[in-house]
Amino acid sequence: MQAPITPGLDRVNQFPAQEHMTMSHHYSGPNFGFPRADARLDLTDLYAFPKPGDVEKSILIMNVHPSSTVIDPEPTTDEPFSPDGLYEIKIDTNGDAVADIAYRVRVSSLPGAMQIATVRRVEGALAAGTDDGGEVVFLEAPVSTGRGAQVTEAGDYRFFAGWRSEAFFFDTLGAVNDLHFTGTDFFSDKDVCSIVLELPNSALGTKPVGLWARTLHKQSEGWVQVERGARPQQAVFLPGEQQEAYLAGQPADDARFVATFAHALEHTGGYRPDEAERVARTLLPDIMPYDPRRPASFPENGRTLTDDAADAFMAILTNGKLAGDGVGPHGDLLAEFPYLGPPHDAHD
């Protein structure tokens with residue numbers, strides 16, 4: 001990712017060859033494939049916003065498992081989540097880039113292609129750890145595979161897991177064609193697997209928080225982190241040869257990637273070295289700030305399903321030379337939980 005790029009709009013274009021790119025906008029595994037060659041572990045997006053119509057609650061959405069790839073129209077797999085995977089949302093409540101609260105989702109496969117999910121909450125020092133323990137919030141909640149959303153409620157919580165219409169919007173084919181955008185949204189007819197959690201703001205503490213998500217894979221030595229992130233796309237375009245270390249790392253250690261990010265920004269956007277370092281420090285640690293008492297708006301506070309995060313990042317990547325790709329939010333979003341539209345294809 002750090003191949004030299006001459007500054008200027010006509011040369012902000014040397015990105016990975018299209019044949020290596022996956023449907024996910026993260027392209028996050030080796031050679032820009034899926035992590036561990038498993039689409040179900042591919043983290044695509046994190047969203048956080050106040051619940052519409054109820055300022056006392058928030059909505060957290062973690063999307064994984066893109067339904068297809070750029071060059072291969074065949075579905076990745078109909079099974080939404082990996083039984084050997086752990087899907088986790090981390091919450092930092094005191095600004096030290098270390099998790100103080102975590103929500104952990106494990107999924108089990110049942111006969112007949114059915115899956116069920118268990119959600120656990122953990123606080124304190126355990127939240128910064130790597131395991132699947134914690135207090136049960138939802139036990140054996142059904143995972144949706146069809147167009148209908150199976151929603152589970154428990155106290156002040158509401159939960160959904162399953163296939164949904166992809167909410168991310170971006171001209172991916174324009175990006176891989178030397179950033180020659182045509183205004184065509186690659187994701188308009190794609191699906192993704194969503195974990196949607198409605199929770200009381202009191203569960204986040206009393207101050208603004210920092211959020212990130214991660215996926216882990218069960219190995220003989222225990223749980224191994226395979227991907228993490230909060231801000232979309234920067235894990236693709238900025239860490240370069242250190243991408244694997246970046247995805248396996250923790251936000252509290254992200255200062256070690258400032259020089260790498262700055263180097264990439266110098267070449268993609270023509271930044272001066274001092275300015276590139278300043279901008280790199282605004283992107284790290286890779287944590288999404290969120291104050292549930294304020295309206296959500298990426299990148300300042302959380303992220304809604306209609307925020308144009310791709311345009312925001314492209315403006316940074318190119319130092320303002322590209323303001324956007326010409327595509328906008330999808331029209332199939334719902335006004336009610338789980339907010340993401342029904343999947344385009346049946347995955348039963």
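Throughout, residue positions are numbered sequentially from 1 according to the sequence presented. From a predicted model like this one, the values you see are computed outputs, not experimental measurements.
- Between Arg303 and Asp45 a salt bridge is recorded (basic side-chain N to carboxylate O distance below 4.0 Å).
- Phe257 meets the ring pair (Phe, Tyr, Trp, His ring centres under 6.0 Å) test with Tyr246; sequence neighbours excluded.
- No cation-pi contact links Lys51 to Phe49, judged by a cut-off of 6.0 Å to the six-membered ring centre and 45° from its axis.
- Taking the centre and axis of the six-membered ring of Phe81, the NZ or CZ atom of Arg40 falls outside the cone set by 45° and 6.0 Å.
- Counting heavy-atom neighbours within 6.0 Å of Gln219 CD, excluding the residue itself, gives a total above 12.
- For the residue pair Tyr290 / Tyr47, no side-chain donor-acceptor distance below 3.5 Å is found, with atom types taken as modelled.
- Here Glu135 does not pair with Arg121 in a salt bridge; the nearest charged N to carboxylate O distance is not below 4.0 Å.
- A donor and an acceptor atom, one from each side chain of Asn201 and Ser58, are located under 3.5 Å apart.
- Apart from Leu334 itself, the hydrophobic cluster it occupies contains nothing, where clustering links Ile, Leu, Val, Met, Phe, Trp and Tyr at side-chain heavy-atom distances under 4.5 Å.
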For Asp38 and Arg36, what are the C-alpha separation, side-chain angles and deciding distance, and is it a salt bridge (Lys or Arg N to Asp or Glu O under 4.0 Å)?
-> CA-CA 5 Å; Asp38 190 340; Arg36 304 261 167 153; over 6 Å; no

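- A donor-acceptor distance shorter than 3.5 angstrom exists from the side chain of Lys321 to the backbone of Gly269, with no hydrogens or angles considered.
- In summary, Arg104 and Asp131 engage in a salt bridge, as defined by a charged side-chain N under 4.0 Å from a carboxylate O.
- Thr93 and Asp100 are linked by a side-chain donor-acceptor pair at a separation below 3.5 angstrom, with hydrogens and angles left out of the test.
- Taking a 6.0 Å sphere around CZ of Arg281, one finds it holds 12 or fewer heavy atoms contributed by other residues, nucleotides or ligands.
- Phe169 pairs by the ring pair (Phe, Tyr, Trp, His ring centres under 6.0 Å) definition with nothing, not counting sequence neighbours.
- Using cut-offs of 30° and 60° for the angle between ring planes, the His263 and His267 rings count as perpendicular.
- Defined by atom type and a distance below 3.5 Å, a donor-acceptor pair is missing between the side-chain atoms of Glu227 and Thr215.
- Counting only residues at least two apart or on different chains, the side chain to side chain donor-acceptor pair (under 3.5 Å) pairs with a member in residues 335-345 are Ser165-His344.
- Taking the salt bridge (Lys or Arg N to Asp or Glu O under 4.0 Å) definition, one finds that Glu56 meets it with nothing, sequence neighbours left out.
- Looking only at atom types and distance, the side chain of Asp185 has a donor-acceptor partner in the side chain of His330 under 3.5 Å away.
- Side-chain contact annotation: Thr118 with Glu140, donor-acceptor N/O pair under 3.5 Å absent.
- A donor-acceptor pair under 3.5 Å is absent between the side-chain atoms of Asp286 and the main chain of Asp254, judged by distance alone.
- Side chain to side chain, Glu88 and Gln225 fail the donor-acceptor criterion of an N or O pair below 3.5 Å.
- Asp84 meets the salt bridge (Lys or Arg N to Asp or Glu O under 4.0 Å) test with no other residue; sequence neighbours excluded.
- A donor-acceptor contact shorter than 3.5 Å links the side chain of Asp307 to the backbone of Thr304.
- Listed for the Ser144 side chain is no donor-acceptor partner under 3.5 Å among the backbone atoms of Gly162.
- Panel note: side chain Thr318, backbone Leu322; a donor-acceptor pair is recorded below 3.5 Å.
- With hydrogens and angles disregarded, a donor-acceptor distance shorter than 3.5 Å links the side chain of Asp171 to the backbone of Thr182.
- Judged by distance alone, the side chain of Arg106 and the main-chain N or O of Pro83 form a donor-acceptor pair under 3.5 Å.
- Under a hydrophobic clustering in which Ile, Leu, Val, Met, Phe, Trp and Tyr are joined whenever their side-chain heavy atoms come within less than 4.5 Å, directly or via other members, Phe187 and Phe313 fall into the same cluster.
- When atom types are taken as modelled, the side chain of Asp42 and the backbone of Pro66 share no donor-acceptor pair closer than 3.5 angstrom.
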